[in-house]
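Notes to accompany the following structure.
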Amino acid sequence: MHPITAVRVNGLPCKAANEVVAEDFFFSGLHMAGNTANKQGSAVTAVNVAQISGLNTMGISLVRIDYAPNGLNPPHTHPRSTEILTVLEGCLHVGFVTSNPENRHFTKVLAKGDVFVFPKGLVHYQFNNGNTHAVAIAALSSQNPGVITVANAVFGSEPAISDDVITKAFQVEKNTVDWIQAQF
């Protein structure tokens with residue numbers, strides 16, 4: 001007979017029911033502001049299955065997003081999740097873009113208490129257009145929503161995407177591509 005190996009669901013280990021403890025369903029830290037002293041002026045504090053093992057198979061997670069004045073949560077997508085964002089402090093300009101061929105841009109300015117939904121897989125962003133700090137909480141419909149930041153993926157990939165591809169896709173000169181890639 002083979003020894004029993006740990007059971008895994010979604011690639012994560014599952015505890016035996018008699019080994020589960022309250023800490024498997026707990027996270028502390030959303031009361032603390034994230035460090036927005038970076039190029040984007042924003043910080044995301046994630047609470048997903050990596051932080052709370054009890055979220056495995058639950059299909060939910062959340063994030064706290066802090067924004068400095070003029071801070072940006074840059075265009076990105078969650079390939080496995082819809083997101084619903086609530087502004088807790090400040091004012092945010094938010095938007096998402098539908099898929100090809102329409103590429104329709106839906107945008108709104110949100111104040112404290114306002115809520116906006118970003119459909120699963122669509123490129124979206126949030127920008128603090130105010131002159132004070134802003135904070136939002138977003139719930140996501142996946143225990144592990146994933147995130148693909150557009151600029152990082154296109155201009156910061158390793159190895160780099162060929163200049164021929166990027167210059168043609170963005171219809172810009174090679175020196176422009178080189179300059180943008182140097183930022184990553």
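The basis for the numbers below is simple: all heavy atoms, side chains too, and nothing from hydrogens, waters or symmetry mates.
Classified by interplanar angle (parallel below 30°, tilted 30° to 60°, perpendicular above 60°), the ring pair Phe155/Phe170 is tilted.
Leu62 and Met58 fall within the same hydrophobic cluster, where Ile, Leu, Val, Met, Phe, Trp and Tyr residues are linked whenever their side-chain heavy atoms come under 4.5 Å apart, directly or through other members.
Other residues, nucleotides and ligands place more than 12 heavy atoms under 6.0 Å from the CG atom of Asn103. Summarising the local packing, CD of Glu173 is surrounded by 12 or fewer heavy atoms from other residues, nucleotides or ligands at distances under 6.0 Å.
Panel note: side chain Asp178, backbone Ala182; no donor-acceptor pair is recorded below 3.5 Å. Under a 3.5 Å cut-off, the side chain of Asn128 and the backbone N or O of Thr132 do form a donor-acceptor pair. Between the Gln171 side chain and the Lys168 main chain, no donor and acceptor come within less than 3.5 Å of each other. When atom types are taken as modelled, the side chain of Ser81 and the backbone of Glu83 share no donor-acceptor pair closer than 3.5 angstrom. Remark: side-chain polar atoms of Thr82 are not paired, donor with acceptor, to backbone N or O of Ser141 under 3.5 angstrom. Proximity of a side-chain donor or acceptor of Thr86 to a complementary backbone N or O of Val115 within less than 3.5 Å is not detected. A side-chain donor-acceptor contact under 3.5 Å links Ser61 to the backbone of Ser142. For the pair Gln143 (side chain) and Thr57 (backbone), a donor-acceptor distance under 3.5 Å is present. Remark: the backbone N or O of Leu30 is paired with a side-chain donor or acceptor of Arg64 at under 3.5 angstrom. At least one donor-acceptor pair closer than 3.5 Å links the side chain of His78 to the backbone N or O of Gly146.
Between atom OG1 of residue Thr36 and atom CG of residue Asn73 there is a gap of 12.5 Å, rounded to the nearest 0.5 Å. Put simply, OG1 on Thr149 and CD on Gln40 are 8.5 Å apart, with the number rounded to the nearest 0.5 Å. The CD atom of Gln126 lies 4.5 Å from the CZ atom of Phe118; values are rounded to the nearest 0.5 Å. To the nearest 0.5 Å, the span separating CG on Asn48 from OG on Ser53 amounts to 11.5 Å. The distance from the NE2 atom of His76 to the CG atom of Asn152 is 11.5 Å, given to the nearest 0.5 Å. Atom OG of residue Ser42 and atom CG of residue Asp66 lie 9.0 Å apart, to the nearest 0.5 angstrom.
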Run the ring-ring contact (aromatic ring centres under 6.0 Å, His included) check on His105 and Tyr125 step by step: do they pass?
-> CA-CA 11 Å; His105 184 205; Tyr125 63 89; 5.8 Å; yes
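When Val63, Ile137, Leu92 are each tested for a side chain to side chain contact (heavy atoms under 4.5 Å, CB included) with Leu85, only one passes: Leu92.
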